[in-house]
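Everything below concerns the one structure shown next.
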Amino acid sequence: MGLLDVLSSIKDRAEKFLNEKNMVTDLLGKVEEKTGIKKKVIAVGAVSLTGLYLVYGYGASLLCNLIGFVYPAYYSIKAIESLSKEDDTKWLTYWVVYGVFSLGEFFSDIFLYWFPFYYAFKCLFLLWCMAPMSWNGSQIIYNRVVRPIFLRHEATVDNMVSDLSGKAMSAAENLTREVLSTLVKNKALVTPASLVAHSETKSLPSSSGETSAAKPAPVPLSEEQPVAAERTRSHPD
């Protein structure tokens, strides 16, 4: 397939997209009603401004990442909600390639970020990976690069993951056991002291009660006066 065929295919798909009923075409239709400019011209202008901003604008990295994330995320959600399996496979393939590309970019970005057209080419690469065509980038890269490497090292990776998960589980169990034993020891040390303090607090009212019971009850004044008068009569001076 030559370059002219590729450009013609992109043009046909772009016109088909502009004729569909979706959020972007609704927005372009409103702009067309207010300005009188055709949707096709507005779309070409928006794409051109986006390309210029990716080359010369500030924050081109954020715009490029949004282009490579928002559109695929939206259609991935639609694929999850649909009953077909083909769109699920398509967007899962894209996200696998996107993850591998992001991992490689983490190391290569140190040397390539200064390149003036880096984010423009990155955006074109992501658009190629998500393009609705049979020869899009995610399918080609996955089938020719990612899948052969994965099949070659699948058993090794599975064994490594199982070993790591087993070690993580054993470490978590040992940590939980040590924490529980520490809590039990601390509780055993704190409980006797609290019981002694509690028993001493309870014994204080009982001792005071016994002391008060040992003392004779006071006699009312009304009873003491007749007794004193009897003693005076029986023992005159």
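All values reported here derive from a predicted model rather than from experimental measurement.
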Does Glu86, at its CD atom, have more than 12 non-hydrogen atoms belonging to other residues, nucleotides or ligands within less than 6.0 Å?
no

Would you please name every residue forming a ring pair (Phe, Tyr, Trp, His ring centres under 6.0 Å) with Phe69, sequence neighbours left out?
Trp95

Smallest separation among heavy atoms of [X] and [Y], with atom names:
X: Lys90; Y: Gln139; result: CA-NE2, 4.1 Å
X: Val145; Y: Ile149; result: O-CG1, 3.2 Å
X: Ala46; Y: Thr50; result: O-OG1, 2.8 Å
X: Pro148; Y: Asn143; result: CD-O, 3.5 Å
X: Ile67; Y: Cys123; result: CD1-SG, 3.6 Å

Name the orientation class of the two ring planes belonging to Trp91 and Tyr71 (parallel below 30°, tilted from 30 to 60°, perpendicular beyond 60°).
perpendicular

Within this structure, what is the [atom1]-[atom2] distance for the pair [X] and [Y], rounded to the nearest 0.5 Å?
X: Tyr94; Y: Asn136; atom1: OH; atom2: CG; result: 10.5 Å
X: Asp88; Y: Lys78; atom1: CG; atom2: NZ; result: 13.0 Å
X: Cys129; Y: Ile140; atom1: SG; atom2: CD1; result: 9.0 Å

Tell me, with the steps shown, if Glu154 and Leu151 meet side-chain contact (heavy atoms from CB on, under 4.5 Å).
CA-CA 5 Å; Glu154 182 180 4; Leu151 294 177; 4.0 Å; yes

With sequence neighbours excluded, tell me which residues meet side-chain contact (heavy atoms from CB on, under 4.5 Å) with Val179.
Leu175, Leu183

Would you mind listing every ring pair (Phe, Tyr, Trp, His ring centres under 6.0 Å) that reaches into residues 141-178, with sequence neighbours excluded?
none

